[in-house]
Every structure is written in structure tokens, then in C-alpha cells.
Asker: 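If you scroll down you'll find the structure; I have some questions about it.
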Amino acid sequence: MTQYDTIALDYQRISAAVPLRDAEWYSLRQRLGDLTDRSMLDLACGDGMGTRLIKRWGAGHVVGVDISAQMIALAQQREDAEPVGIEYRVADAAALGGIGPFDRVAAAYLLHYAQSREQLLQMARTVHDNLRPGQRFVASIANPLQPPQPVVDHRKYGWSYRLMDETLREGANLRGTLYLGQTVVEFDFHWWSWDTYEEAFRTAGFSACTIEPFLVPPDSDEKRGVGFWDEYLAAPSAMHIICER
Ligand SMILES: C[S@@+](CC[C@H](N)C(=O)[O-])C[C@H]1O[C@@H](n2cnc3c(N)ncnc32)[C@H](O)[C@@H]1O
């Protein structure tokens with residue numbers, strides 16, 4: 001039983017409504033580039049919200065992988081009800097091996113679940129082994145450049161996270177909270193420095209990775225109000241890691 005098996009339904013309901021998603025999905029689409037008929041692996045796909053968007057953006061063969069059987073059950077339910085041709089699998093991204101190669105790999109909030117440097121390296125190897133040379137990996141993560149000391153409070157954007165240990169260190173325990181009005185869902189993950197992420201991806205064979213804030217969607221003034229993203233842009237709570245193989 002993984003932690004997401006117990007929170008799957010709450011996570012699905014709340015995470016779909018989190019304002020941060022506006023910028024995250026908009027940025028993901030920009031950063032993945034033209035997906036027409038491209039094959040795509042979505043690691044830690046959860047209930048398939050992002051996976052279905054990727055399919056809608058034109059991708060061809062799409063595979064979603066998650067360690068939580070409950071999250072995959074939700075994704076599969078949706079696929080069964082409204083089929084778009086996504087293949088889902090229950091698997092640990094750190095132990096997946098090569099099931100591709102794919103033209104793109106995405107991973108929205110996978111890497112900070114690594115419990116050790118070794119596991120992080122295994123995740124980076126999975127990405128490398130499943131990505132065609134010259135192609136791109138895009139991952140969302142809690143911003144390693146802005147560690148919680150002890151809290152990062154972005155409730156305005158739908159989430160916050162706090163340090164559960166006395167001091168910040170590599171692999172420190174964090175607890176995240178997603179908010180939908182008075183309803184919340186909590187989950188535990190880890191803090192790794194940007195140096196540690198970079199080292200894992202370099203060791204796995206990537207020559208260059210960058211870390212970038214989410215892009216502000218063009219319709220955000222109308223949708224959320226002028227200046228809505230200013231606080232996020234001043235100190236982003238979540239970022240994209242982009243690696244080219
Ligand atoms: C915050 S959720 C993100 C789900 C989805 N990507 C999204 O953005 O809504 C994190 C997901 O990572 C999955 N996960 C955590 N560790 C994993 C691992 N080692 N391999 C595969 N999935 C993992 C969890 O089961 C959960 O579904």
C-alpha cells in the first residue's frame with residue numbers, strides 16, 4: 001500500500017482545482033513542443049489528469065505509469081469511460097527499466113518522492129533509458145532552490161509545504177498540503193538540493209538540465225486577476241526541470 005492509495009480520491013478531487021495547475025499545464029505544453037504523433041511516457045501519472053491533456057495535445061502512443069494501484073485505477077476508470085487510447089501501468093518509476101523508447105518523458109511531482117540518492121539516480125536512469133537521443137524530459141517538482149524554512153505557504157495557488165525535521169538536510173522530510181476551500185489533502189515527500197538533482201541526471205547520462213519557473217498563461221489576467229502570479233514569480237514554490245538527452 002503506497003501513500004497515494006489511501007488519498008487517491010481526495011487527491012484527484014482537490015488537485016484538479018488547484019490554481020497552480022493553470023501555469024503548470026500551460027508551461028508543460030510549451031516545453032514539450034509539438035507532440036503531434038509523438039510517443040510519450042508520463043511517469044507518476046497519478047489519476048491521469050496530465051496524461052489525458054498530453055493525449056489531447058496531439059501525442060500518439062501514450063503510456064502512464066504510477067506506483068499507486070489506486071491512482072492507476074482512477075486513471076483507468078476514466079479511460080474506460082471516455083477512451084482516448086492511453087495505456088496505464090502500475091510500476092515503481094525507479095525500477096521500471098526500458099519500456100520505450102519515447103519521444104518525450106514527463107513526470108509531474110515524481111522526483112521529490114525519491115527516498116534516497118540511489119533511488120533518485122534510478123529514477124533519472126529510467127528517464128534516460130526511455131527517452132530517444134536528442135529528445136526532452138520535463139518534470140514538475142517542489143522548488144529545490146527555495147527550501148521550506150520551515151514553511152512555503154502558497155495557499156493562494158492551492159498548496160503549501162513544511163519541513164518535518166528540525167533542520168534542512170538532503171532527503172529531509174516535507175509534508176505538503178493541497179487546499180480546496182476548507183478541504184485539504186496531505187502527503188509526504190523529500191527535499192533534495194538542486195545540486196543533487198543535477199548530479200543524478202548527469203550520472204544517468206544527461207549532459208544538461210535546467211530549472212525554470214512555470215510560465216504565466218496568457219489568459220491569466222482575465223481568469224485570475226491582474227498580478228495573480230506575482231507572488232509565485234517572486235519565489236516559485238514549484239518549478240520545471242528540463243533535461244535534453
Ligand atoms: C503529487 S502526485 C502527482 C500525480 C500527477 N502527476 C499529477 O500531477 O496530478 C504524485 C504521484 O507520484 C506517484 N509516485 C510516487 N513515487 C513513485 C514512484 N517511485 N514511481 C511511480 N510513481 C510514484 C504517487 O503514487 C502519486 O500518484
Side-chain angles (χ1 to χ4, degrees), residues 1-29 31-32 40-55 62-79 86 88-97 99 104-127 129-130 137-143 154 157-161 171 173-180 184-190 192 200 214 237-241:
M1 173 82 82
T2 74
Q3 66 166 328
Y4 276 84
D5 287 330
T6 55
I7 61 169
L9 271 174
D10 285 342
Y11 177 82
Q12 180 183 45
R13 191 161 58 92
I14 299 177
S15 76
V18 159
L20 190 68
R21 292 297 204 182
D22 292 3
E24 181 180 1
W25 298 139
Y26 172 72
S27 307
L28 182 65
R29 184 170 193 178
R31 286 170 172 156
L32 289 175
M40 179 86 214
L41 175 61
D42 187 19
L43 294 171
C45 65
D47 65 300
M49 181 175 27
T51 330
R52 291 180 73 84
L53 284 173
I54 285 162
K55 188 72 188 169
V62 177
V63 179
V65 170
D66 200 282
I67 200 170
S68 160
Q70 281 306 320
M71 294 298 276
I72 290 292
L74 292 175
Q76 191 63 55
Q77 261 172 31
R78 183 87 196 276
E79 174 65 23
I86 299 170
Y88 289 109
R89 294 193 191 190
V90 178
D92 179 351
L96 184 65
I99 62 164
R104 307 277 192 282
V105 179
Y109 309 108
L110 165 69
L111 302 173
H112 55 219
Y113 288 96
Q115 291 167 15
S116 63
R117 287 172 195 266
E118 182 52 31
Q119 201 183 8
L120 183 60
L121 174 58
Q122 290 307 329
M123 289 176 178
R125 288 205 160 113
T126 295
V127 176
D129 293 351
N130 281 290
F137 168 61
V138 182
S140 312
I141 49 166
N143 184 0
H154 268 187
Y157 304 107
W159 84 313
S160 70
Y161 51 99
N173 294 294
L174 307 182
R175 179 155 301 159
T177 310
L178 293 185
Y179 302 88
L180 177 63
V184 300
V185 63
E186 295 204 308
F187 45 88
D188 293 331
F189 58 106
H190 300 279
W192 299 102
F214 296 155
S237 51
M239 300 276 269
H240 267 151
I241 294 183

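Start at 1 and go down the list; that is how both ligands and their atoms are numbered. FYI, the numbering just counts along the sequence from 1.
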Asker: Would you find a donor on one side and an acceptor on the other, under 3.5 Å apart, between the side chain of Tyr161 and the backbone of Ser237?
Answerer: yes
Asker: Quick check on contacts: which atoms of ligand 1 are under 4.0 angstrom from a heavy atom of Tyr109?
Answerer: 1 (C), 8 (O), 10 (C), 12 (O)
Asker: Who's the nearest protein heavy-atom neighbour of atom 22 (N) of ligand 1, and how far?
Answerer: Ile67 N, 3.2 Å
Asker: Can you list the ligand 1 atoms lying under 4.0 Å from a non-hydrogen atom of Ser68?
Answerer: 25 (O)
Asker: Relative to ligand 1, is Cys45 under 4.0 angstrom through side chain, backbone, both or neither, heavy atoms considered?
Answerer: backbone
Asker: Donor-acceptor check, side chain of Arg175 to backbone of Asp188, threshold 3.5 angstrom: yes or no?
Answerer: no
Asker: Counting each atom of ligand 1 from 1 as listed, which ones have a heavy atom of Ala93 under 4.0 Å away?
Answerer: 18 (C), 19 (N), 20 (N), 21 (C)
Asker: How about Tyr179 and Ser160: does a side-chain donor come under 3.5 Å of a side-chain acceptor?
Answerer: yes
Asker: So between Gln122, Gln119, Arg21, whose heavy atom ends up nearest atom 7 (C) of ligand 1?
Answerer: Arg21
Asker: Would you please say whether a donor-acceptor pair under 3.5 Å links the side chains of Thr177 and Trp159?
Answerer: no
Asker: With heavy atoms under 4.0 Å as the rule, classify the contact between Met123 and ligand 1 as side chain, backbone, both or neither.
Answerer: side chain
Asker: Atom 27 (O) of ligand 1: which of Leu110, Thr126, Leu43, Asp66 has the nearest heavy atom?
Answerer: Asp66
Asker: State, with a plain yes or no, whether a side-chain heavy atom of Asp92 is found less than 4.5 Å away from one of Gln119.
Answerer: yes
Asker: Report the nearest protein non-hydrogen atom to atom 12 (O) of ligand 1: residue, atom name, distance rounded to 0.1 Å.
Answerer: Ala44 CB, 3.3 Å
Asker: Closer than 4.0 Å to some heavy atom of Met71 - which atoms of ligand 1 meet that?
Answerer: 27 (O)
Asker: Does ligand 1 have a heavy atom under 4.0 Å from the side chain of Tyr11, from its backbone, from both, or from neither?
Answerer: side chain
Asker: Do you know which of Ile99, Thr51, Asn130 makes side-chain contact (heavy atoms from CB on, under 4.5 Å) with Val63?
Answerer: Ile99
Asker: Which part of Ala91 is near ligand 1, with near meaning a heavy atom under 4.0 Å away: side chain, backbone, both or neither?
Answerer: backbone
Asker: Could you check atom 16 (N) of ligand 1 against the protein and tell me its nearest heavy-atom contact, residue, atom and distance included?
Answerer: Tyr113 CB, 3.7 Å
Asker: Under 4.0 Å from any heavy atom of Ala108, which atoms of ligand 1 are there?
Answerer: 3 (C), 5 (C), 6 (N), 8 (O)
Asker: Over 60° means perpendicular and under 30° means parallel, so tell me whether Trp192 and His190 are parallel, tilted or perpendicular.
Answerer: tilted
Asker: Among Val62, Ile54, Ile72, Val65, find the one that has a side-chain contact (heavy atoms from CB on, under 4.5 Å) with Cys45.
Answerer: Ile72
Asker: Do Tyr109 and Glu24 have side-chain atoms, one donor and one acceptor, less than 3.5 Å apart?
Answerer: yes
Asker: With heavy atoms only and a cut-off of under 4.0 Å, state how Thr2 meets ligand 1: side chain, backbone, both or neither.
Answerer: neither
Asker: For ligand 1, which is the ligand I care about here, please tell me if Ala94 has any N or O atom under 3.5 Å from one of the ligand's N or O atoms.
Answerer: no
Asker: Verify whether one side chain among Ser68 and Asp5 offers a donor that lies under 3.5 Å from an acceptor in the other.
Answerer: yes
Asker: If hydrogens are left out, which of Leu96, Thr51, Asp92 has an atom nearest to atom 19 (N) of ligand 1, that is, the closest non-hydrogen atom?
Answerer: Asp92
Asker: Does the side chain of Tyr113 come under 3.5 Å of the side chain of Tyr4 through a donor N or O and an acceptor N or O?
Answerer: yes
Asker: Return the closest protein heavy atom for atom 1 (C) of ligand 1 as residue, atom name and distance.
Answerer: Tyr4 OH, 3.1 Å
